[in-house]
Engineer: 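Let me give you the structure first, and then I'll get to my questions.
Numbered from 1 within each chain, the chains take letters A, B, ... in sequence-line order.
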Number of protein chains: 2
Amino acid sequence: MLRNANVKGVQVRRGGDPSRLRRLNSTDVLAALYAQGPCTLTEVSAVTGLSRPTVEDVVEDFVRDRIVRELPPEPGGTGRPARRFRFGADEGFVAGIDIGVHKVLVILANLEGEVREVRRSTVDPDLGRPERLAVARTALARCLDDSGVAPSRLRAIGAGTPGVVHDGAVTLCTVLPDWTGLDLGRALMTESPVPVVVENDANLATIAEHWRGAAQDVRDAVCVLAGNRVAAGVLIGGRLHRGHRGGAGELGLLPALRWEEAPDRLLAACPGTGDLAAVFAAARSGDARATAAVDGFTDDLATGTAALLLAVDPAVVVVGGGLSRAGDLIAGGLRERLAALCPPPPEVRVSALGDEAVATGAIRVALERATEDLFPDGLPVGSLPPR
Amino acid sequence: MLRNANVKGVQVRRGGDPSRLRRLNSTDVLAALYAQGPCTLTEVSAVTGLSRPTVEDVVEDFVRDRIVRELPPEPGGTGRPARRFRFGADEGFVAGIDIGVHKVLVILANLEGEVREVRRSTVDPDLGRPERLAVARTALARCLDDSGVAPSRLRAIGAGTPGVVHDGAVTLCTVLPDWTGLDLGRALMTESPVPVVVENDANLATIAEHWRGAAQDVRDAVCVLAGNRVAAGVLIGGRLHRGHRGGAGELGLLPALRWEEAPDRLLAACPGTGDLAAVFAAARSGDARATAAVDGFTDDLATGTAALLLAVDPAVVVVGGGLSRAGDLIAGGLRERLAALCPPPPEVRVSALGDEAVATGAIRVALERATEDLFPDGLPVGSLPPR
């Protein structure tokens, strides 16, 4: 069982004793299997620089603990086929939950982050706290059920919410009814004691864009969620920058930056159109009024984004959000305005993850929590390609 | 000679050979001597965890290379007095130069950062490029001369300038005449080939506040220079955050944030008063018009500062700048406005370094450059107390 793995958190430091060295070797071997997919012992030895007997010892231990699986030998060839092993990715699962204004999205993935199930529920913006939480819980249960995963195999849950998050609780949220003060971590706990990692939605989207999205190749980025709410996350040195109180990137609070009112202004400019998605659809089909309204929205977006760029000076800006199939409608105008507001022009990219960005980031933080004993230095780089 | 030290840059990694281990031990011993001041071999052994014979070997090598000095034995006590050693701080010197709109400030310090000389030159805001550079070069030469330090003993120069800095050159500067495009690193090179580290002035002030100023106890801070120019630097995780193009914190470019025009507006509100320092002096002595003008300045300052706080979410804001004896005049009003703009109220501190902040930061980056071969993992923590 992964939970009882004999690999404990160790720090890589000079000096040390044989048992520590053995733990470090174990981490290296497991990281190689996690990052490379199915491998022979010789291949693991080549990747890690460890001797083949050492690798074999370590792998046998992991197989006994069901952290690593031995695969059937590949047919063909002459002589005895080489034994092949892979990380026991299906020994456990993680869930990523995005609780938004208009939707609840749940993704279920195995321990390599391979997506097994995606479930989208549309919710009313006015839905109360208990009802909204019930939607999330039900969606998670359905995801497990539909994919035949017993709840006991769930290792961690990641959850994204609008607002400022501290220690699993929402300390400030202006867009979901009765949401400020909610201990979301506790509220999402299932009957079995599964750890829940709660994070601001824009922060999770930022993590996701760096992991599997449009910011994989950079270490410093700003990710702007532009939709029914405008918010942003900040990536610095390849890591999420949360800030002292978990509020980094929450520019909506400053009226001069025009983020908070931007969605309402967009809707007000197109009375009778319905919701933001409808306005974007109308703009895409050439409606003049909707085009002008989206232009105004982009303008509102640009001021706060420029402030964020000048503050942080990232390598790229990723524009995403629930409406991000509208991202290319926004990106061009945003690029133009940012070039004028903060020259030289920064690189503006459209999210590669669409409305799954937040839940994908939630999967990532849940994976980190679920495997922190196995990979004390963080999840190995490599893993599976984006979905 | 420090320049020829046999300690090379190594990375702390597991595994390795005896000569690498010896280098690591050397670094530890030297770091202990640098951080602790005069020590006996037994004391170094206690701090580093290395055996006394190992410490003695390493120290003897350093003494031969004049990196460490043996001190005269302490009188008194019975038996043979313990040998005492200290880092050879006076084997080399570094200079920090702050080239500003109204002044050029040069600080000379030894390799432990102990300040030997400070020289302030007032300059005309309209002074041209060659004349301004000449003031800086002359001030440095006088500093060396007055303190009896031969130019050949200068190990590195740090230099601060307004504007965006990239690779030693000023890529954008709106406040010094003919300054954009200047290769300041090359311009400040002396006849001997001394390395010059060039950095944005607000960035250096930020480094200085973390090193010896008001932000020593935090790892995430924003430092706002409020004076004849408003600019800011960002500290994240205990390190300066420069940003992708070296522009992090340069909010002045965005008109909505009101930083660029703030000093001119302050002056315009008090016609005939002279310069900003005079306006602050008048406000301090109770002049109603000046007080109202400073209030307006604080208001302008608050908008951009709030944007920076919301973007980065630091633990503290330090208000500094050439006029920072006016810092307490500003800090109160700023604290009040920020509490309204970005609740909960952030901690606002007044700079502890006054108009020496930029040059102090320049000393720090010069020290790092001068000792990078000795301390590959960075300057040891400890060192001397603030001046």
Engineer: Using a cut-off of under 4.5 Å on heavy-atom pairs, state which of Leu172(B), Val316(B), Val312(B), Leu253(B) scores highest against chain A.
Structural biologist: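 Looking at each of Leu172(B), Val316(B), Val312(B), Leu253(B) in turn, Val312(B) comes out on top.
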Engineer: For Arg337(B), which residues count as a side-chain contact (heavy atoms from CB on, under 4.5 Å) partner, sequence neighbours excluded?
Structural biologist: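 Residues passing side-chain contact (heavy atoms from CB on, under 4.5 Å) with Arg337(B): Asp295(B), Thr298(B), Asp299(B), Ala302(B).
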Engineer: When rounded to the nearest 0.5 angstrom, what distance separates CG in Leu254(A) from OG1 in Thr303(B)?
Structural biologist: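 It comes to 6.5 Å.
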Engineer: For Leu257(A), is it the side chain, the backbone, both or neither that has a heavy atom under 4.5 Å from a heavy atom of chain B?
Structural biologist: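 Contact with chain B involves the side chain of Leu257(A) alone.
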Engineer: Side chain, backbone, both or neither: which part of Val234(B) has an atom under 4.5 Å from a heavy atom of chain A?
Structural biologist: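 The answer is the side chain of Val234(B).
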Engineer: Chain A heavy atoms under 4.5 Å from Leu341(B): which part of the residue, side chain, backbone, both or neither?
Structural biologist: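 Both backbone and side chain.
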Engineer: Where on Arg258(B) is there a heavy atom nearer than 4.5 Å to chain A: the side chain, the backbone, both, or neither?
Structural biologist: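 No part of Arg258(B) comes within 4.5 Å of chain A.
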Engineer: Does the His244(B) side chain pair with the main chain of Asp220(A), one donor and one acceptor, at a distance under 3.5 Å?
Structural biologist: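 No; zero donor-acceptor contacts below 3.5 Å.
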Engineer: Which one, Ala256(A), Pro314(A), Ala248(A), leads in non-hydrogen pairs under 4.5 Å with chain B?
Structural biologist: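 Among Ala256(A), Pro314(A), Ala248(A), the one with the most close pairs to chain B is Ala248(A).
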Engineer: Over all heavy atoms of both residues, which pair between Leu251(A) and Ala307(B) is shortest? Give the atoms and the distance, please.
Structural biologist: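 That closest heavy-atom pairing would be CD2-O, 3.6 Å.
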Engineer: Which one of Pro344(B), Gly246(B), Pro255(B), Gly237(B) has the most heavy-atom pairs closer than 4.5 Å to chain A?
Structural biologist: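 Of Pro344(B), Gly246(B), Pro255(B), Gly237(B), Pro344(B) has the most heavy-atom pairs under 4.5 Å with chain A.
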Engineer: Using a 4.5 Å cut-off on heavy atoms from C-beta on, say whether the side chain of Cys342(A) contacts that of Glu250(B).
Structural biologist: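 A side-chain contact is absent here, since even the closest heavy-atom pair is not under 4.5 Å.
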Engineer: Within residues 48-55 of chain A, which positions have a heavy-atom distance to chain B below 4.5 Å?
Structural biologist: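 Under the 4.5 Å heavy-atom cut-off, nothing qualifies.
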Engineer: With a 4.5 Å heavy-atom cut-off, do His241(B) and Ile236(A) have their side chains touching?
Structural biologist: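 In contact.
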